[in-house]
S.K.: 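Below you will find the structure I want to go over with you.
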Amino acid sequence: MRYPIRAVHFQLTGRCNLACRFCGQSKGMLACEGGELPVEFWVRCAGETEPGAAITFWGGEPLLYPGFEELAARLSGSGHPFDIVTNGTLIPRHAETLCRDFDRIFVSVDGPRELHDAVRGKGVFDRVKAALPLLDGRRGKLIFLTTVSDANVERMAELPDELAELKPDRIVLQQLMYLSGNEIAAYRDYSRIHFNCDYPELEAWRRDDDADYLARWREGVRKLSGKRFPMEVVAVGHRYPDRIANSPCCRAPECRLHIRHDGEVGFCTDYFGFSLGSALNHPLPELISSKRADLWRQAVAANALPVCDHCAWRLQSI
């Protein structure tokens, strides 16, 4: 069966100039030490997708990729919608390109200065705030990805008002990603038996006591439901532990790929343990239609992967 590749994530680099408190990558989740791949590799990958396939630049921090400007120029005008997910601190280096070429610019902003800096480091908020006016001439949308962690969950319903002065087009409030010890063990067992691989780095996402956090998250969602804001605001949570009725099955295995900065290809943007193989050695259409890809699709269809219950992206329309 042929699976058309309608979206692809390019993890241009595993490097980041920040070390955010909740980031699994900074705690070893990335699990690969290879350097960045050349621009020509990413151009070839883009050419192996469907016409008009959406491309998202990802990291680490993608604006650290030394070939960023060249890659954006090579792909500009190719008919692919372009998104980027960035921490925003390096916008001044690339503001013209971001304004000209990107359809959606996702910037991580977790709240006003004291909240954002508590998670991402002293002075980071002011750097991002100073950079955002450089995007005023953008053709695309500016979207804030606001991770709702223990640091800001108490003020969750107030965050959109507190961030309104920065003039985003949309704010996505995302529930903090984590897994229990039992879920990590279950995923690793399934992975060893069915995928013939392991993923010990998943321990970076471990959290076994979330009752208080979940209660505050739900209260924040309740308060948000009665408020109006000058921009679109959505709150996106996990299926866990309530298993939202009729929540959609992950669409990634049917149409989207994530390519790590070392060339390994998988379906999941955040949990990297499973690989279809390397795009250095195989074309993307071959990988997405492979027998190994079918193993992942079977697991998703059977609700066999605990990580899927904690995926905030799964329930988003972005």
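Keep in mind it's a predicted model, so treat the numbers as computed, not measured.
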S.K.: If we only count heavy atoms from C-beta on, is the R256 to H9 side-chain gap below 4.5 Å?
M.R.: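 Sidechains of H9 and R256: in contact.
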S.K.: Quick one: does I171's side chain get under 4.5 Å of L159's, heavy atoms only?
M.R.: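 No, side chains not in contact.
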S.K.: Walk me through whether E165 and R113 qualify under salt bridge (charged side-chain N to carboxylate O under 4.0 Å, His left out).
M.R.: CA-CA 13 Å; E165 65 168 325; R113 181 180 295 104; over 6 Å; no
S.K.: Starting at OG of S191, measure out to CG of L305 and round the result to the nearest 0.5 Å.
M.R.: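 Those atoms lie 8.5 Å apart.
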S.K.: Just by distance, do the side chain of D117 and the backbone of F125 share a donor-acceptor pair under 3.5 Å?
M.R.: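 Checked: pair present.
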S.K.: When you compare the side chain of F144 with that of L132, does any pair of heavy atoms fall below 4.5 Å?
M.R.: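 Counting from C-beta outward, L132 and F144 do come under 4.5 Å.
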S.K.: Among V236, V153, L214, exactly one meets side-chain contact (heavy atoms from CB on, under 4.5 Å) together with Q175. Which residue is that?
M.R.: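 Checked V236, V153, L214 against Q175; only one passes side-chain contact (heavy atoms from CB on, under 4.5 Å): L214.
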S.K.: Could you tell me if H310 and E183 have a donor-acceptor pair between their side chains, going purely by distance under 3.5 Å?
M.R.: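 Yes, H310 and E183 have a side-chain donor paired with an acceptor closer than 3.5 Å.
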S.K.: Can you list the residues that meet the side chain to side chain contact (heavy atoms under 4.5 Å, CB included) rule with D208, with sequence neighbours excluded?
M.R.: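 For D208 the side chain to side chain contact (heavy atoms under 4.5 Å, CB included) partners, ignoring immediate neighbours, are S180, R206.
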S.K.: Do H261 and Y65 have ring centroids that are under 6.0 Å from one another?
M.R.: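 No, the ring of Y65 stays outside the 6.0 Å limit from the ring of H261, centre to centre.
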S.K.: Output yes when a side-chain donor or acceptor of R104 lies under 3.5 Å from a complementary backbone atom of K141, and no otherwise.
M.R.: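 Answer holds: no.
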S.K.: For residues H258 and W58, determine if any side-chain heavy atom of one lies less than 4.5 Å from a side-chain heavy atom of the other.
M.R.: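 Side-chain contact under 4.5 Å: yes.
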S.K.: Run through F274, Y199, F195, W296 and flag the one making a ring-ring contact (aromatic ring centres under 6.0 Å, His included) with Y190.
M.R.: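 Only one option passes, and that is F195.
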S.K.: Between the side chains of E61 and T13, does any donor sit under 3.5 Å from an acceptor?
M.R.: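 No, because no side-chain N or O of E61 sits under 3.5 Å from a partner of the opposite role on T13.
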S.K.: Can you confirm whether F229 sits close enough to L224 that some side-chain heavy atom of one is under 4.5 Å from a side-chain heavy atom of the other?
M.R.: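 In short, these two side chains touch, coming nearer than 4.5 Å.
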S.K.: How close do V85 and L145 get, counting heavy atoms only, and between which atoms?
M.R.: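 V85 and L145 have their closest heavy atoms at CG1-CD1, 4.0 Å.
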S.K.: Taking side chain to side chain donor-acceptor pair (under 3.5 Å) as the test, write out the residues that go with Y213, two or more places apart.
M.R.: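 None.
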S.K.: Taking only residues two or more places apart in sequence, or in another chain, which ones meet S149 in a side chain to side chain donor-acceptor pair (under 3.5 Å)?
M.R.: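 S149 satisfies side chain to side chain donor-acceptor pair (under 3.5 Å) with no residue once adjacent residues are dropped.
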S.K.: Y3 ring centre to R297 NZ or CZ under 6.0 Å, with the angle to the axis within 45°?
M.R.: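 Cation-pi check for R297 and Y3: passes.
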S.K.: In this structure, are over 12 heavy atoms from other groups packed under 6.0 Å from K227 atom NZ?
M.R.: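 Yes - once you tally the heavy atoms of other residues, nucleotides and ligands closer than 6.0 Å, there are more than 12.
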S.K.: Would you call R216 and E219 a salt bridge, using N to O less than 4.0 angstrom?
M.R.: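 Salt bridge: no.
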